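Computed from a predicted model, the values in this text were never measured in an experiment. Letters A, B, ... mirror the listed sequences (proteins, then strands); counts begin at 1.
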Protein chains: 2
Amino acid sequence: MIYSSELIKGTLKTIILKLLKDNKRMYGYEITQRVKELTHDRIQLTEGALYPSLHALEADGILTTETEYIGKRVRKYYSLSPKGKNVSKEKISEFADFMNTMKFLLDIKTDIA
Amino acid sequence: MIYSSELIKGTLKTIILKLLKDNKRMYGYEITQRVKELTHDRIQLTEGALYPSLHALEADGILTTETEYIGKRVRKYYSLSPKGKNVSKEKISEFADFMNTMKFLLDIKTDIA
DNA sequence: CAAATATACATTAGATTCTTATGTATTGGA
DNA sequence: TCCAATACATAAGAATCTAATGTATATTTG
């Protein structure tokens with residue numbers, strides 16, 4: 001099963017921040033592969049969504065970058081800035097809270113009316 | 001805590017379909033109030049998001065409507081069509097599956113690298 | 001009883017974020 | 001040698017939401 005795209009909306013930044021929290025530094029392509037692998041192909045990040053998102057997080061001072069060359073091919077590593085570490089924690093716990101709310105909302109039987 | 005808007009994106013239709021699955025029929029304003037109440041004000045649906053979404057679901061044959069007058073004030077009740085009942089089940093189980101995936105993705109320690 | 005609040009529908013401009021497509025270039029394997 | 005994988009990036013258009021606005025009735029409160 002590949003989730004309908006609308007479901008994933010709004011979760012991309014949280015996913016990025018979580019991976020960078022656990023891995024210190026990662027590059028874009030690596031993130032797509034890691035997510036694909038961890039979710040058994042259920043979530044496949046597209047480049048058109050990922051790169052603009054990474055650029056936005058960098059512009060907000062949440063991520064910092066280092067560019068390295070692997071042979072002649074460029075690779076851009078992203079890391080959490082100090083600010084980013086806080087934002088990361090906040091985003092993840094906000095999402096955890098949101099999931100609890102949604103779990104409750106979707107499990108309950110509200111046959112009151 | 002009120003969730004950042006991006007988190008809620010993409011969950012609106014699932015919420016609507018779940019409420020209508022449990023309640024047979026509801027009207028727009030009622031849906032906003034019920035969600036607000038059930039989530040202790042954490043999720044507050046806006047009319048600008050809700051009504052277009054209801055109209056779209058109706059246009060897709062997922063919801064049917066009945067209009068009633070309460071005094072002089074109009075009230076538009078929405079119900080799941082037979083097709084809507086299937087879509088409802090699918091959406092909810094897809095979301096449940098998605099939540100499991102996200103839970104795994106956000107809880108794990110991936111300090112492999 | 002007047003005014004404020006709540007109920008109840010709806011639309012729209014603009015913002016955000018995603019999809020899909022396209023572009024460039026290097027590297028590795030069949 | 002050619003195809004797939006690696007690795008970056010952008011851009012047009014679609015989808016969906018926010019915030020504002022509009023209309024009207026009903027109820028509560030000072």
Side-chain angles (χ1 to χ4, degrees), chain A residues 2-17 19 25-37 41-60 62-63 65-78 91 95 98 113, chain B residues 2-17 19 25-37 41-60 62-63 65-78 91 95 98 113:
Chain A
I2 295 178
Y3 304 120
S4 65
S5 64
E6 50 178 27
L7 264 193
I8 304 176
K9 294 201 181 198
T11 63
L12 177 54
K13 283 185 183 173
T14 306
I15 292 172
I16 293 170
L17 293 175
L19 287 182
R25 67 175 208 168
M26 292 182 86
Y27 54 99
Y29 186 76
E30 187 184 14
I31 293 174
T32 65
Q33 297 308 301
R34 187 69 60 86
V35 169
K36 197 180 164 196
E37 176 193 316
D41 294 7
R42 287 190 185 84
I43 297 180
Q44 303 196 14
L45 305 184
T46 60
E47 295 161 304
L50 179 65
Y51 289 115
S53 205
L54 286 171
H55 299 163
L57 288 167
E58 187 186 3
D60 288 344
I62 292 169
L63 301 184
T65 60
E66 308 164 83
T67 298
E68 287 184 16
Y69 279 87
I70 308 298
K72 285 181 184 174
R73 193 153 57 192
V74 78
R75 188 181 281 178
K76 201 166 163 187
Y77 281 99
Y78 290 87
K91 278 276 184 189
F95 193 84
F98 174 68
Chain B
I2 295 177
Y3 305 120
S4 64
S5 62
E6 51 177 28
L7 264 192
I8 304 175
K9 293 202 182 197
T11 63
L12 178 53
K13 283 186 183 172
T14 306
I15 293 173
I16 293 171
L17 293 174
L19 287 181
R25 65 175 208 168
M26 293 181 86
Y27 54 98
Y29 186 75
E30 189 184 12
I31 292 174
T32 65
Q33 297 308 302
R34 187 68 60 86
V35 170
K36 197 182 164 192
E37 177 193 314
D41 294 7
R42 287 192 185 80
I43 297 180
Q44 303 195 15
L45 305 184
T46 60
E47 296 160 304
L50 179 66
Y51 289 116
S53 205
L54 287 171
H55 299 162
L57 289 167
E58 188 187 2
D60 288 344
I62 292 168
L63 301 183
T65 60
E66 309 163 81
T67 298
E68 285 184 19
Y69 279 87
I70 308 298
K72 286 182 183 173
R73 192 155 55 193
V74 79
R75 189 181 282 178
K76 201 165 163 188
Y77 281 99
Y78 290 87
K91 277 275 184 187
F95 193 85
F98 174 67

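- Between atom CE of residue A:M26 and atom OG1 of residue A:T32 there is a gap of 9.0 Å, rounded to the nearest 0.5 Å.
- Rounded to whole Å, the distance from CD on A:E66 to C1' on D:dC8 is 17 Å.
- Separation of atoms OH (B:Y78) and CG (B:L54) is listed at 4.5 Å; rounding is to 0.5 Å.
- Following rounding to the nearest Å, B:E37 (CD) and C:dT7 (C1') show an atom-to-atom distance of 15 Å.
- For the pair B:I43 CD1 and D:dT18 P, the computed distance is 11 Å after rounding to whole Å.
- The line from OG1 of A:T14 to CZ of A:F98 is 10.0 Å long, rounded to the nearest 0.5 Å.
- Rounded to whole Å, the distance from CD1 on A:I15 to P on C:dT17 is 15 Å.
- What separates NZ of B:K36 from P of C:dA6 is a distance of 8 Å, to the nearest Å.
- The separation between A:K76 atom NZ and D:dT6 atom C1' is 17 Å, rounded to whole Å.
- Of the candidate nucleotides C:dT7, D:dA7, C:dA10, C:dT7 has the atom nearest to the side chain of B:Q33.
- For the OP1/OP2 pair of C:dA6 and a distance below 4.0 Å, the side-chain nitrogens and oxygens of B:Y29 include no atom meeting the criterion.
- Across all non-hydrogen atoms, the minimal contact from A:I15 to A:V35 is CG2-CG2, 3.7 Å.
- Rounding to whole angstrom units, CG of residue B:D60 and C1' of D:dA15 are separated by 13 Å.
- Summarising the geometry of A:K13 relative to A:S53, their closest heavy-atom pair is CG-OG, 3.6 Å, with the distance given to 0.1 Å.
- Here CZ of A:R34 is found 9.0 Å from OH of A:Y27. Values are rounded to the nearest 0.5 Å.
- The distance from atom CD of A:Q44 to atom CD1 of A:I8, rounded to the nearest 0.5 Å, is 9.0 Å.
- Here the P atom of nucleotide C:dT24 and the OH atom of A:Y51 are 17 Å apart, to the nearest Å.
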Discussion item. Let's go through B:L17 and B:I62 carefully: what are the C-alpha distance in whole Å and the side-chain angles of both, what is the deciding distance for side-chain contact (heavy atoms from CB on, under 4.5 Å) to 0.1 Å, and is it a yes or a no?
Written reply: CA-CA 9 Å; B:L17 293 174; B:I62 292 168; 3.7 Å; yes
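- The shortest distance between the side-chain N/O atoms of B:H55 and the OP1/OP2 oxygens of C:dC9 is not below 4.0 Å.
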Are there any protein N/O atoms within less than 3.5 Å of an N/O atom in nucleotides 23-27 of chain D, and if so, which ones and at what distance?
{"from": "D:dT25", "atom 1": "O2", "to": "B:R73", "atom 2": "NH1", "distance (Å)": "2.5"}
{"from": "D:dA26", "atom 1": "OP1", "to": "B:K72", "atom 2": "N", "distance (Å)": "2.9"}
{"from": "D:dA26", "atom 1": "O4'", "to": "B:R73", "atom 2": "NH1", "distance (Å)": "3.3"}

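- Partner A:T65 forms a side-chain hydrogen bond (donor to acceptor under 3.5 Å, both in side chains) with one of A:R25, A:H55, A:E58 and no other, that one being A:E58.
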Under-3.5 Å N/O pairs linking protein and nucleotides 18-23 of chain C:
{"from": "C:dC18", "atom 1": "OP1", "to": "A:G10", "atom 2": "N", "distance (Å)": "3.3"}
{"from": "C:dT19", "atom 1": "OP2", "to": "A:T46", "atom 2": "OG1", "distance (Å)": "3.0"}

